[in-house]
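Heads up, the thing below is written out as structure tokens.
Both ligands and their constituent atoms are indexed starting at 1 by order of listing.
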Amino acid sequence: MIENSTDDSYIKTEIINMIQENKKDIDLKFINEVKEYYTLQDQLFSLTLQEIQAERTGETALMNQKREEVKALRKYILNRFFILRMKLRFAEKHYMTPFRKEARRRAIELLSLVNIAGPEIVVDSYPHELSGGMQQRAMIAMALASNPKMLIADEPTTALDVTTQAQILEIIKDLNQLIGMGVLFITHDLAVIAEMCDRVGVMYAGNLVEETTTTEIFNDPKHPYTVGLMNSVPRADKKREREIKLDTIPGTVPNLITPPSGCRFHPRCKFAMDICSLKKPKLVEISPQHKVACFLYSDESEVD
Ligand code: SF4
């Protein structure tokens, strides 16, 4: 065991001892041959770069010289390491084939899981050969490859048409139930939230300002920012909808390099008080399952 990893001479001695001890089992000749082969491959690469460089700068004589050197070295490598190259190729095929087969089987399995038709064909496709919806599904399949306990889906339906959007949401929902995977859904789309989520956390300028159940957030929002968001979308359940003007939240999202002091929403909040620009409200529980960070629901001592 190497006890002191900072002592170079100690490490060298240990390695030499290990090699001596295992000399009978290690084919040092083969290892040296492989080492030499890859060193020459590096030289070949470097010479090729020099040839390209000379071609770019218009140094024809140098370019021709490098070209000849590349040719000669390539020929030497092919002749000198013919057997070794065969051995390496065989070893790669022999050892890697079972892994490749398993990886392919798993990829097809995951593509089927996200409802891609003809997964055996799609598995060999390039991304540009797939539609937007198929690419999105393939991406979800990739995210599932390591059996995650939680999937973080950041705007997963952006730029998709409504039909594909509905299909993607359906897949995420199914996966949630099928493999018991939690989903953290990040979206600006309130309709998607209503459809997908059990609990909702509302963020404003990098801070969590309200957290509760989906039912509560739509029926009884508390934070002025959440209330503003809810009033900015048309609601089918409102009476005389056509006569009601949709609300907007005045101002714009702050620059987060120099965020507003205190409550970050205060420059846009119609309920702002003196304390709001001075102190940052803490996220406090106002009822079971409902938390809000706003001085309308907490006193001045509850600050972050
Ligand atoms: S803390 Fe003040 S500024 Fe912030 S949301 Fe509440 S009332 Fe508005």
Side-chain angles (χ1 to χ4, degrees), residues 150-160 162 165 169 172-173 176 182-304:
M150 188 171 84
L151 177 74
I152 300 177
D154 190 350
E155 301 277 9
T157 52
T158 309
L160 295 178
V162 280
Q165 179 174 322
L169 294 179
I172 295 179
K173 247 187 189 175
N176 172 239
V183 181
L184 176 63
F185 214 92
I186 302 167
T187 182
H188 286 91
D189 193 328
L190 294 176
V192 169
I193 293 171
E195 173 78 19
M196 295 290 292
C197 305
D198 299 319
R199 291 191 70 77
V200 181
V202 181
M203 303 282 297
Y204 181 78
N207 290 331
L208 185 62
V209 294
E210 184 159 3
E211 198 220 320
T212 185
T213 60
T214 307
T215 318
E216 188 110 342
I217 208 89
F218 283 97
N219 292 331
D220 191 18
K222 295 290 188 202
H223 194 279
Y225 174 60
T226 319
V227 174
L229 281 180
M230 293 300 166
N231 289 342
S232 67
V233 286
R235 298 269 296 255
D237 58 340
K238 276 189 182 171
K239 286 181 188 162
R240 294 161 56 235
E241 181 63 49
R242 280 188 205 155
E243 293 167 29
I244 298 169
K245 217 175 152 193
L246 289 178
D247 265 2
T248 54
I249 301 172
T252 52
V253 178
N255 180 347
L256 289 186
I257 295 172
T258 50
S261 58
C263 169
R264 289 185 174 180
F265 189 56
H266 85 260
R268 306 175 71 187
C269 180
K270 57 184 173 191
F271 303 105
M273 304 163 274
D274 291 344
I275 180 74
C276 300
S277 59
L278 302 172
K279 291 183 177 174
K280 189 175 168 190
K282 199 176 172 186
L283 193 70
V284 293
E285 194 169 275
I286 56 162
S287 67
Q289 308 242 32
H290 201 153
K291 292 179 184 165
V292 186
C294 174
F295 286 121
L296 292 174
Y297 304 95
S298 59
D299 63 47
E300 295 178 13
S301 63
E302 293 176 293
V303 293
D304 235 9

Review point. Is the CG atom of Asp198 crowded by more than 12 outside heavy atoms at less than 6.0 Å?
Key: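 No, CG of Asp198 has 12 or fewer neighbouring heavy atoms, counting only those of other groups under 6.0 Å.
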**Study point:** Whether over 12 other heavy atoms sit under 6.0 Å from Asp247 CG
**Key:**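 Counting other residues, nucleotides and ligands, CG of Asp247 exceeds 12 neighbours.
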Point to revise | CG-NE2 distance between Leu278 and His266, expressed to the nearest 0.5 angstrom | key: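 Separation between the atoms: 8.5 Å.
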Practice item. Note the single closest protein heavy atom to atom 1 (S) of ligand 1, along with its residue, its atom name and the distance in Å. Key: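 So the nearest neighbour among protein heavy atoms is Phe295 N, 3.3 Å.
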Check your understanding: Can you tell me which residue and heavy atom of the protein come closest to atom 4 (Fe) of ligand 1, and the distance to 0.1 Å?
Key -> Cys263 SG, 2.3 Å
Review point. Under 4.0 Å from any heavy atom of Leu296, which atoms of ligand 1 are there?
Key: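 The atoms of ligand 1 under 4.0 Å from a heavy atom of Leu296 are 7 (S).
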Exercise for review: Report, in ascending order of atom number, the atoms of ligand 1 lying under 4.0 Å from any heavy atom of Pro224.
Suggested key: 5 (S)
From the options [options], select the one whose nearest heavy atom is closest to [atom].
atom	options	result
atom 5 (S) of ligand 1	Arg268, His223, Lys280	His223
atom 6 (Fe) of ligand 1	Ala293, Cys294, Ser298	Cys294
atom 3 (S) of ligand 1	Arg264, His266, Met273, Lys270	His266

Point to revise | His223 and Phe265 aromatic ring geometry - parallel, tilted or perpendicular at 30°/60° bounds | key: tilted
Exercise for review: Without swapping roles, check the side chain of Thr214 against the backbone of Cys197 for a donor-acceptor pair under 3.5 Å.
Suggested key: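 Yes: the side chain of Thr214 pairs with the backbone of Cys197.
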Review point. What part of Cys269, side chain, backbone, both or neither, has a heavy atom within less than 4.0 angstrom of ligand 1?
Key: side chain
Review point. Is the distance from atom 2 (Fe) of ligand 1 to the nearest N/O/S atom of Cys276 under 2.8 Å?
Key: yes
Check your understanding: Would you say the side chain of Val253 lies within less than 4.5 Å of the side chain of Arg268, judging by non-hydrogen atoms?
Key -> yes
Check your understanding: What's the shortest heavy-atom distance between Phe295 and Met273, and which atoms?
Key ->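 Heavy atoms only, the tightest pair is CB-CE, 3.7 Å.
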